[in-house]
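Below: the structure, in C-alpha cells.
In listed order, ligands and their atoms are each counted from 1.
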Amino acid sequence: MTRAGGAGELFGTNGVRGIANEELTADMALNLGRTIGTLRKGRIAIGMDARISSAMLKCAVIAGIASVGSDVVDIGIAPTPALQYFVKETEEITGGVIVTASHNPREYNGIKFVHSDGTEFTREMDEESERVYKSKKFVRAGWNEVGRVEEADYLRMYLDGMIDKVDVEAIAAKQFKVVIDCGNGAASLVTPQLLKELGCDVVSLNCHHDGRFPARNSEPVEENVGILKEVVKIADAHLGIAHDGDADRATFVDEKGNFVSEDVMLALMAKKYVENNRGGVVVTPVSSSKCVEDSVKEAGGEVVYTAVGSPVVVKVMKEVNAVFGGEGNGGLIFPEHLLARDGVMSAAKVLELIALENRPLSEIAKEIPRYHMLKTKVECREKKKLLSGLREEFTEANFIDGARIDFEDGWLLIRPSGTEPIARIFAEAKSREKAEDLLEFGIKTVKRILG
Ligand code: MG
C-alpha cells in the first residue's frame with residue numbers, strides 16, 4: 001500500500017490505495033462501499049478514472065453502497081475534481097466516492113471518499129471510516145430497501161461551472177493554439193472540450209481513455225512530458241498542458257516549448273489572486289518553494305504553511321478564508337469554484353491569465369523569483385528522537401510537518417516519513433551552490449542528532 005501520514009492502517013492521505021486485485025481487492029471495495037453507505041446515508045455519487053481495474057472496483061463499491069440501503073448516482077469516468085464538483089453542486093447528494101490512483105503506475109488503484117461539500121474526507125473522517133470498515137457491522141437492507149442505482153452526466157454542469165468563472169471573451173479573442181496531453185487519463189474527454197468552448201484551437205495528445213497508459217507515465221512531471229514540449233514547438237502553440245491520471249493536477253509548457261516549474265505556476269496564480277483581491281491569505285504546504293511566499297508578499301498578501309497533503313491545505317483554507325491555495329506539484333485550488341485541486345480549472349485559469357496579461361507565458365513567468373530546490377532522503381529509524389533533537393536545536397523553525405528552518409538566503413525542511421524508515425530533506429536557495437550547502441548541512445544534522 002502506498003500511503004503517507006494518513007489516518008490509519010488502511011486509509012492514507014489519499015484514501016485507500018494499492019496494487020489492484022492484490023492489495024486493493026473487490027472484496028475490500030465492497031466493504032468500503034458498505035462503509036460510505038453506512039456513514040453517509042442517502043444518495044452517494046461515484047466516479048472513476050480510466051484504469052483497467054477501475055470498473056471492477058467501482059461496481060463493487062456500488063454494490064456495497066446499495067446493499068446497506070443507500071442510493072448511488074454513477075457518473076462514470078470523470079476527473080476527480082469533476083466528481084467533487086458534482087457532489088458539491090447536486091442537491092441531495094450526501095457524499096461521494098472516486099475510484100482512482102491519481103498519478104500512480106498503471107497497476108495501482110485507489111478509493112477515496114468525498115464530503116457532501118465536495119471536499120476530500122478529512123483525516124478525522126477517514127479515521128471514522130476506518131473504524132466502521134473494520135467493525136464489519138453493516139446493516140443488510142431488505143430486498144425492497146436496497147439502494148437504487150442510476151447514472152448521471154456531469155460534463156455540462158462541470159464545464160459551465162468553470163466557464164462561468166473565467167473571462168471567456170478575453171480568452172476566445174486571443175484564438176490560442178493549445179496542446180493538451182491528458183496522458184490517456186480521466187480528463188481525456190473533458191479538458192479538450194473545455195478548451196474548444198473557450199475558443200481555442202486544440203491539439204490533443206493522448207486524449208483517449210487507456211488504462212495501460214501506453215504513451216507516458218501518468219505523473220505530469222517534466223521528465224514525462226517531453227513529447228508535449230516537442231509538439232508545442234512543432235505546432236507553434238501558445239501553451240501546452242498536461243494532466244495526471246485523474247486531472248486534479250495540471251502542469252504547463254510555455255510557447256517556447258519549455259516546461260514551467262509547478263512552483264512557479266503556483267506562485268503566478270497565487271500572486272494573481274492576491275492582486276485581484278487586494279491582499280489575502282494563500283495556503284500551501286511547508287514543502288513549497290519560497291518563490292510562492294515572495295510573490296504573495298510582493299502582491300500584498302500573506303502565506304500560511306500547512307503540513308503536506310491536500311486535505312489539510314483545504315481545511316486551513318476554510319479556516320482562514322483563503323483567497324487561493326495549492327501544492328507545488330501542479331495541484332491548484334480555486335476557492336470560488338471548488339475547495340479541491342482542479343487541473344481542468346487550472347487550464348482555464350492559466351489561459352485567462354495569459355489573455356488578460358496580453359503576454360506569453362514565458363514572459364509572465366520571468367516575474368517569479370527563481371530558486372534551486374534539492375531533495376534527498378536519509379535513513380531514520382527514530383522519528384521522535386530526530387524531531388525532539390530538531391526542536392532543541394532550531395527553536396525558531398516551523399514544526400507543522402517536520403522542521404522547516406529558514407535561513408537568510410534559503411530554507412531547509414527535514415521531514416521524517418510517516419511510513420518508511422527515512423527522513424526527507426528539502427533544501428532551497430537562490431543559487432545551486434547554496435542549496436547544495438544547505439542540503440549537506442541537513443544530512444549532517446540528521447546524522448548527528450540520530451548519532
Ligand atoms: Mg491526481
Please step through side chain to side chain donor-acceptor pair (under 3.5 Å) for the pair Glu336 and Tyr273, ending with a clear verdict. CA-CA 11 Å; Glu336 78 281 23; Tyr273 267 74; 2.6 Å; yes
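- Only protein N, O or S atoms were considered, and those under 2.8 Å from the Mg ion (ligand 1) are Ser102 OG, Asp244 OD2, Asp246 OD1, Asp248 OD1.
- Between Glu367 and Arg359 there is a salt bridge, with a side-chain nitrogen of the basic residue lying less than 4.0 Å from a carboxylate oxygen of the acidic one.
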Going through the distances and angles, do Lys229 and Glu222 end up as a salt bridge (charged side-chain N to carboxylate O under 4.0 Å, His left out)? CA-CA 9 Å; Lys229 294 200 295 186; Glu222 183 168 12; 2.8 Å; yes
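- One side chain, Arg17 or Asn104, offers a donor N or O that lies under 3.5 Å from an acceptor on the other.
- Judged by distance alone, the side chains of Tyr371 and Asp294 do bring a donor and an acceptor atom under 3.5 Å apart.
- Residues passing the side chain to side chain donor-acceptor pair (under 3.5 Å) test with Asn31 are Arg34, sequence neighbours excluded.
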